[in-house]
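Read through the structure below, which is laid out as structure tokens, and then see the notes.
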Amino acid sequence: MNTNKDRLWLRAVVAIGLAISAQPFFAQSRYLSADIPFDFYISERLFPAGTYTVEPQQNHDAVRLHDNRGNTMFVMTTGLSPNAVNSSRLVFHRYGDTNFLASIYWQGYKNGRALPTSRIEKRLAGNRSTPNPVALQLK
């Protein structure tokens, strides 16, 4: 009789564990694709134009961006002010013809994620006025 109670207890614990972990699991699997028609910087690294996959990492503070040509980067992000996100998109800061990935938004999340400003962008920002924001919808 103890074995039946033990099995029932184990099933209950597993069911509760699955219920608790289901939301983060689905949030982690929100891979998005973007066709970026221009070269761009993330931190100090220049990425070529192309189709990229954007995926939040387990802790949601990091994001991985990669393409099928071996260009990949993990970057730490910070949360932007809470606001319902109505569309998934990448936002770039553009200075002339130089672009910097600045923030990422996933539809259905409470806020977007900001990428740190690189030394290159800070230098350009010091020489020019505010950047022109460029938003690209994610698929």
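Note: hydrogens, waters and symmetry copies are ignored here, and every other heavy atom, side chains too, is used. Keep in mind that this is a model prediction, so the values were computed, not measured.
Every residue two or more places apart in sequence or in another chain was checked for a side-chain hydrogen bond (donor to acceptor under 3.5 Å, both in side chains) with T117, and none qualifies. For F40, the ring pair (Phe, Tyr, Trp, His ring centres under 6.0 Å) test picks out F47, Y52, F92, with sequence neighbours left out. With sequence neighbours excluded, the residues satisfying side-chain hydrogen bond (donor to acceptor under 3.5 Å, both in side chains) with S87 are R89. Among residues two or more places apart in sequence or in another chain, the salt bridge (Lys or Arg N to Asp or Glu O under 4.0 Å) test is passed with R64 by E55.
Considering only heavy atoms from C-beta on, R113 comes within 4.5 Å of D61 through its side chain. With contacts defined as side-chain heavy-atom distances shorter than 4.5 Å, the pair R123/I120 qualifies. Side chains of V54 and S88 form no contact here, defined as non-hydrogen atoms less than 4.5 Å apart. Annotation: side chain of T53 is not in contact with side chain of L32 (no heavy-atom distance under 4.5 Å).
Between P37 and L136 the shortest heavy-atom distance is CD-CD1, 3.9 Å. T77 and A62 make their closest contact through OG1-N, 4.3 Å (heavy atoms, listed as atom of the first residue, atom of the second, distance). The two residues S118 and E44 make their nearest non-hydrogen contact at CB-OE2, 3.3 Å.
Atoms OH and CD, on Y95 and E121 in that order, are 4.0 Å from each other to the nearest 0.5 Å. The line from CG of N132 to NE2 of H93 is 10.0 Å long, rounded to the nearest 0.5 Å. Distance check: H66 NE2 to M73 CE gives 14.0 Å after rounding to the nearest 0.5 Å.
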Please tabulate, for the side chains in residues 99-108, all donor-acceptor contacts under 3.5 angstrom to protein atoms that are two or more places apart in sequence or on a different chain.
residue: N99; atom: OD1; partner: R94; partner atom: NE; Å: 2.7
residue: N99; atom: OD1; partner: R94; partner atom: NH2; Å: 3.3
residue: N99; atom: ND2; partner: D39; partner atom: O; Å: 3.3
residue: W106; atom: NE1; partner: R30; partner atom: O; Å: 3.2

Mind running side chain to side chain contact (heavy atoms under 4.5 Å, CB included) on L65 and I42 for me, showing each step along the way?
-> CA-CA 9 Å; L65 187 118; I42 297 178; 3.7 Å; yes
Check the pair V63, F74 against side chain to side chain contact (heavy atoms under 4.5 Å, CB included), reporting the backbone distance first and the verdict last.
-> CA-CA 6 Å; V63 172; F74 289 90; over 6 Å; no
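Among residue pairs with one or both ends in residues 74-83, none qualify as salt bridge (Lys or Arg N to Asp or Glu O under 4.0 Å); sequence neighbours excluded.
Side-chain N or O atoms of D35 include none that pairs as donor or acceptor with a backbone N or O of T51 at under 3.5 Å.
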